[in-house]
Amino acid sequence: MDMQVAAKSNSRKRRKDDTGSNGTTDDDATPVKILRPTLSMPAPFANENGVTGDKPYKRVTFEEAKIGTPLDRPVRVYADGIFDLFHSGHARALMQAKSLFPNTYLIVGVCNDDLTHQFKGFTVMNEAERYDAVRHCRYVDELVQNAPWSLSPEFLEMHRIDFVAHDDIPYSSAGSEDVYQHIKDAGMFAPTQRTEGISTSDIITRIVRDYDLYVRRNLQRGYTAKELNVSFINEKKYNLQERVDKVKQKVKDVEEKSKEFVQKVEEKSIDLIQKWEEKSREFIGNFLEMFGPEGALKHILKEGKGRMLQAITPKQSPSSSPTRERSPSPSFRWPFSKTSPPSSPKPDLDATGYDTSDDDTE
């Protein structure tokens, strides 16, 4: 048993010793990623996290970063921005930055209100709200407050940044045609892609375009006209518009219900007509079958007539039956006489059968 435990411990030591300089082993070329605490809690601030200075700062090349670095030496990627009204476009950009290399430690810098208002414009969210929104993004490992507008070599060295991630479109600001040009020239730039159809400016444009709609929305949710910076007259106008819209909606609902009712009536009437047609066809068929020229009634009457004639007509004896001779009727006898009564004389008949007895007597 002891020998088996020792063998297992030696195998673990050999596996540990066989680990390459980029964090890979002979059996598996893909380095195992470190479980990050940011998946269950907000990302720490840079001043809270701190950077250990026991090792000298030495940047990794793009090829080394692509192959994979040791687990204790992740590739430190920096991405900065304003992140006002944090939306899916921001999250997708940070996701791309986090996925640049197998072992990436993503540092995100957020500019404060003063710099933002000076170089870009007024923001909807203040700096504290923007810091907190970015900290809760799952791809962020560390957040830098009060990030500079332009990245200096001293800032890059202080935070031990290997690469800077941003979209490749030239960003002209602060008197420069592209504030990332010196980063690109140093080979530290890692491009990402913008998400089309979503941006902070697009969201603000939607709100400004439908200003009346959103004011009425918030008035209905309990916000006062003073909080919305709406005058008394406009407040009454928005309330009246809301009532008119409700009436219109009710009328529309009634129209839709009436259309549905009419449609149901039409469907039922069509069903009734179809059923009536089927029943009428069946009735006509039955009528013709009973009272038609070759109907059952004709056969019944014909059969009944034949039976009546058969019942009225007497039955004739067959010709082959033997004839029966009549017996002579008994002769009449006079009472108290043994002889038959005298027969009357027969009249004389001529050749034509005319009786001439009267003529002779004359």
Side-chain angles (χ1 to χ4, degrees), residues 22-23 30-60 64-65 68-117 120 123-167 179-180 183 188-190 192 195 200:
N22 58 355
T30 303
V32 180
K33 292 188 177 182
I34 303 174
L35 183 62
R36 299 182 295 118
T38 54
L39 294 178
S40 58
M41 62 184 66
F45 292 112
N47 54 2
E48 296 175 353
N49 196 18
V51 179
T52 57
D54 54 347
K55 295 182 180 180
Y57 168 62
K58 181 181 179 181
R59 284 190 57 249
V60 296
E64 292 174 346
T69 58
L71 297 178
D72 59 348
R73 176 57 175 95
V75 180
R76 297 174 67 86
V77 178
Y78 178 82
D80 59 357
I82 308 302
F83 301 105
D84 190 21
L85 298 177
F86 191 85
H87 51 75
S88 62
H90 295 141
R92 287 177 179 272
L94 298 178
M95 179 184 68
Q96 294 179 55
K98 180 68 177 178
S99 303
L100 285 172
F101 309 108
N103 187 16
T104 302
Y105 185 85
L106 181 59
I107 307 167
V108 180
V110 181
C111 301
N112 57 27
D113 289 342
D114 294 336
L115 282 177
T116 304
H117 298 166
K120 192 166 185 178
T123 58
V124 178
M125 301 168 65
N126 58 41
E127 58 185 43
E129 294 169 339
R130 292 185 285 115
Y131 295 157
D132 194 56
V134 176
R135 287 183 67 196
H136 286 82
C137 179
R138 60 180 298 185
Y139 309 111
V140 180
D141 295 304
E142 184 178 318
L143 188 132
V144 177
Q145 301 167 292
N146 303 317
W149 199 259
S150 296
L151 303 178
S152 63
E154 292 78 15
F155 179 83
L156 297 175
E157 185 174 357
M158 179 178 66
H159 292 279
R160 303 191 172 210
I161 297 170
D162 295 313
F163 297 97
V164 177
H166 201 272
D167 61 82
V179 295
Y180 296 102
I183 303 294
M188 298 176 62
F189 188 80
T192 58
T195 302
T200 302

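Heavy-atom basis, side chains included; hydrogens, waters and symmetry copies ignored.
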What are the two closest heavy atoms between Pro148 and Phe155, and how far apart are they?
-> CD-CE1, 3.6 Å
Side chains of Phe83 and Cys137: does their closest heavy-atom pair fall under 4.5 Å?
-> no
Ion pair Arg73/Asp162, N-O distance below 4.0 Å = yes
Begin from the C-alpha positions of Asp141 and Thr104 and carry the test side-chain contact (heavy atoms from CB on, under 4.5 Å) through to its verdict.
-> CA-CA 9 Å; Asp141 295 304; Thr104 302; 5.8 Å; no
When you look at Ile82 and Thr200, which way does the side-chain contact (heavy atoms from CB on, under 4.5 Å) test go after all the steps?
-> CA-CA 10 Å; Ile82 308 302; Thr200 302; over 6 Å; no
Where is the tightest heavy-atom contact between Gln145 and Tyr131, given as atom of each residue plus distance?
-> NE2-CD1, 3.8 Å
What heavy-atom pair brings Pro102 and Ala65 nearest, and what distance separates the two atoms?
-> CD-O, 3.3 Å
Short question: side chain of His159, backbone of Ile161 - any donor-acceptor pair under 3.5 Å?
-> no
Run through Tyr78, Tyr180, Phe101 and flag the one making a ring pair (Phe, Tyr, Trp, His ring centres under 6.0 Å) with Phe163.
-> Phe101
When Asp113, Thr116, Asp84 are each screened for side chain to side chain contact (heavy atoms under 4.5 Å, CB included) with Asn126, the one that passes is Asp113
Closest heavy-atom pair and its distance - Tyr105, Lys98 = CA-NZ, 4.3 Å
Are Arg135 and Phe45 side-chain neighbours, meaning at least one heavy-atom pair lies under 4.5 Å?
-> yes
Verify, without hydrogens or angle tests, whether Asn112 (side chain) and Leu115 (backbone) share a donor-acceptor contact under 3.5 angstrom.
-> yes
Just wondering, do Met188 and Leu156 contact through their side chains at under 4.5 Å, heavy atoms?
-> yes
Of the options Glu129, His90, Met125, Arg130, which is the one that meets Leu85 in a side chain to side chain contact (heavy atoms under 4.5 Å, CB included)?
-> Met125
Taking all non-hydrogen atoms of both residues into account, name the closest pair between Ala97 and Val77 and its distance.
-> O-CG1, 4.2 Å
Contact summary for Leu100 and Ala165, nearest pair of heavy atoms | CD1-CB, 4.1 Å
